[in-house]
Number of protein chains: 2
Amino acid sequence: MSETGDGPGRSSGGVAFLLAQLGAHAAALFAERIARLDLTPAQAGLLRMIAVTPGLSQQAYAKRLGTPPSRFVILVDAMQDRGLIERRPGQPDRRSYALHLTEAGQHLLRQLGAVGKAHDDDLCAALTLEERVTLRELLTRVAQQQNLTAGVHPGYRQPSDT
Amino acid sequence: MSETGDGPGRSSGGVAFLLAQLGAHAAALFAERIARLDLTPAQAGLLRMIAVTPGLSQQAYAKRLGTPPSRFVILVDAMQDRGLIERRPGQPDRRSYALHLTEAGQHLLRQLGAVGKAHDDDLCAALTLEERVTLRELLTRVAQQQNLTAGVHPGYRQPSDT
DNA sequence: TATTGTTATACTCTATAACTATA
DNA sequence: TATAGTTATAGAGTATAACAATA
């Protein structure tokens with residue numbers, strides 16, 4: 001209601017603020033939804049990443065996700081224990097493992113896709129179909145110009161307080 | 001590049017994913033910028049909140065920010081030590097303090113406004129002025145429909161891994 | 001007895017770095 | 001000697017709950 005001067009499209013927030021606010025909201029809502037599939041956002045991200053590019057080494061995935069190897073191991077452990085992914089012995093380098101989805105993992109991935117679609121629909125409930133296409137197009141352009149690689153986004157960093 | 005079916009405006013990400021990705025990016029970039037003013041996102045948020053609605057009690061602000069009182073105290077301490085805000089004895093309830101910006105705090109707030117504007121401009125570099133207005137309008141509608149109170153957004157929750 | 005602000009404590013999450021096994 | 005994966009440890013950040021002063 002009471003902001004500074006009106007630049008291009010300001011007055012009640014600014015695009016950056018709206019993006020941060022809606023981004024946090026979307027992420028929180030998504031986490032809530034996939035919790036019903038017993039998945040965390042990180043697990044869902046890895047599931048999708050392996051589906052898109054299977055057979056890489058753990059380090060390769062960890063690097064793409066921006067996760068340190070130590071953190072990545074427990075992520076893989078949990079998903080392997082649940083039978084969602086498997087570690088196949090590396091060829092020819094026996095130090096490394098190649099990660100692949102199991103049958104169960106592929107099944108869960110399909111469920112995840114449905115959940116993601118519903119999530120998207122809910123979030124865009126305020127928009128017409130045309131507006132929604134427009135929004136997606138604008139956001140895509142911004143993301144590209146900002147050099148954000150499609151497919152993965154970094155886990156939210158916690159802004160410190162002290 | 002390779003996604004499931006194309007619903008309304010899908011194919012390379014979906015609106016929700018783009019929002020989460022761009023939101024995290026915008027927040028990280030903003031944190032970086034205001035670090036030059038020696039401010040954390042939480043501090044910047046409080047500064048603005050006090051500017052908009054001065055004289056409330058600590059609990060009132062803490063509640064609005066969704067921060068537990070214990071966390072809020074150290075936030076206020078740091079900003080008071082820097083001379084940005086002051087605690088005035090509560091009237092008539094002497095248990096509470098009323099928070100206000102100091103002269104220095106108001107000065108920093110103006111700088112913060114300039115930084116925020118630059119941040120917004122950078123983020124929207126890919127868009128024309130018209131497109132930027134459109135984007136802001138669409139995001140505002142979505143935010144309203146999702147019941148997000150304008151002015152503050154919750155500190156990003158960390159999605160757990162294990 | 002309830003409430004404001006504060007301090008103390010315990011817990012979660014994360015990354016750095018030591019370790020092993022292959023190369 | 002260097003690298004993939006793993007484990008151990010320490011640090012930061014968070015919230016819960018005990019505490020003192022005022023109502």
Side-chain angles (χ1 to χ4, degrees), chain A residues 24 27-28 31 35 39-46 49-50 53-81 85-100 153-162, chain B residues 24 27-28 31 35 39-46 49-50 53-81 85-100 153-162:
Chain A
L39 281 177
T40 65
Q43 290 173 339
L46 180 57
M49 180 164 282
I50 296 179
T53 316
L56 299 184
S57 71
Q58 295 190 186
Q59 289 216 356
Y61 291 118
K63 191 174 181 182
R64 291 191 182 200
L65 287 168
T67 314
S70 62
R71 206 173 165 238
F72 191 74
V73 171
I74 59 178
L75 183 65
V76 173
D77 281 348
M79 295 177 71
Q80 188 183 35
D81 289 351
I85 65 180
E86 57 179 352
R87 291 188 236 233
R88 297 187 192 160
Q91 301 290 353
D93 190 336
R94 286 184 331 209
R95 284 176 304 183
S96 66
Y97 294 111
L99 301 186
H100 292 270
H153 67 86
Y156 287 76
R157 302 270 152 203
Q158 199 82 2
S160 67
D161 267 89
T162 46
Chain B
L39 280 177
T40 65
Q43 289 173 340
L46 180 57
M49 180 164 283
I50 297 178
T53 316
L56 299 184
S57 71
Q58 294 190 188
Q59 289 216 354
Y61 291 119
K63 190 173 179 181
R64 291 191 181 201
L65 287 168
T67 314
S70 61
R71 206 171 164 238
F72 191 75
V73 171
I74 59 180
L75 183 65
V76 172
D77 281 348
M79 295 178 69
Q80 188 183 35
D81 289 351
I85 65 180
E86 59 179 352
R87 290 189 238 236
R88 296 187 193 160
Q91 301 292 351
D93 190 335
R94 285 183 333 207
R95 283 177 304 184
S96 66
Y97 295 111
L99 300 187
H100 291 271
H153 68 85
Y156 286 75
R157 302 272 152 200
Q158 199 85 0
S160 68
D161 268 88
T162 49

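Computed from a prediction, not measured in an experiment: that's the story for all the values here. Here is the naming used below: chain letters follow the sequence lines, and residue numbers restart at 1 for every chain.
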- Heavy atoms under 4.0 Å, any strand shown: does B:Tyr97 hit a base, just sugar-phosphate, or nothing? sugar-phosphate

- Item | With sequence neighbours excluded, residues passing side-chain contact (heavy atoms from CB on, under 4.5 Å) with B:Tyr97 | B:Gln58, B:Arg87

- Query: B:Arg88 has an atom CZ; how far is it from atom P of C:dG5, in whole Å?
  - Reply: 15 Å

- Message: With a 4.0 Å cutoff (strictly under), does any side-chain N or O of B:Gln59 reach OP1 or OP2 of C:dT4?
- Response: yes

- Item | With sequence neighbours excluded, residues passing side-chain contact (heavy atoms from CB on, under 4.5 Å) with A:Ala35 | none

Between protein and nucleic acid, restricted to nucleotides 16-20 of chain D and to nitrogen or oxygen atoms under 3.5 Å apart, what atom pairs and distances do you find?
{"residue": "D:dT16", "atom": "O4", "partner": "B:Ser70", "partner atom": "OG", "Å": "2.9"}

- Task: Apply side-chain contact (heavy atoms from CB on, under 4.5 Å) to B:Glu86 and list each qualifying residue two or more places apart in sequence or on a separate chain.
- Result: B:Arg88, B:His100, B:Thr102

- Task: Just jot down the side-chain contact (heavy atoms from CB on, under 4.5 Å) partners of A:Thr53, sequence neighbours excluded, or say none.
- Result: A:Leu56, A:Arg64

- For B:Leu56 and C:dT4, give me the distance from atom CG to atom C1', rounded to whole Å. 14 Å

- Message: Just the rounded figure in Å: distance from P of D:dT3 to NZ of A:Lys63.
- Response: 12 Å

- Who are the side-chain hydrogen bond (donor to acceptor under 3.5 Å, both in side chains) partners of A:Arg95, not counting sequence neighbours? A:Asp93

- Let me know the distance between CG of B:Leu75 and P of C:dT6, rounded to the nearest Å. 12 Å

Show me the protein contacts with nucleotides 20-22 of chain C, counting only N or O atoms at under 3.5 Å.
{"residue": "C:dT22", "atom": "O2", "partner": "A:Arg95", "partner atom": "NH1", "Å": "3.4"}

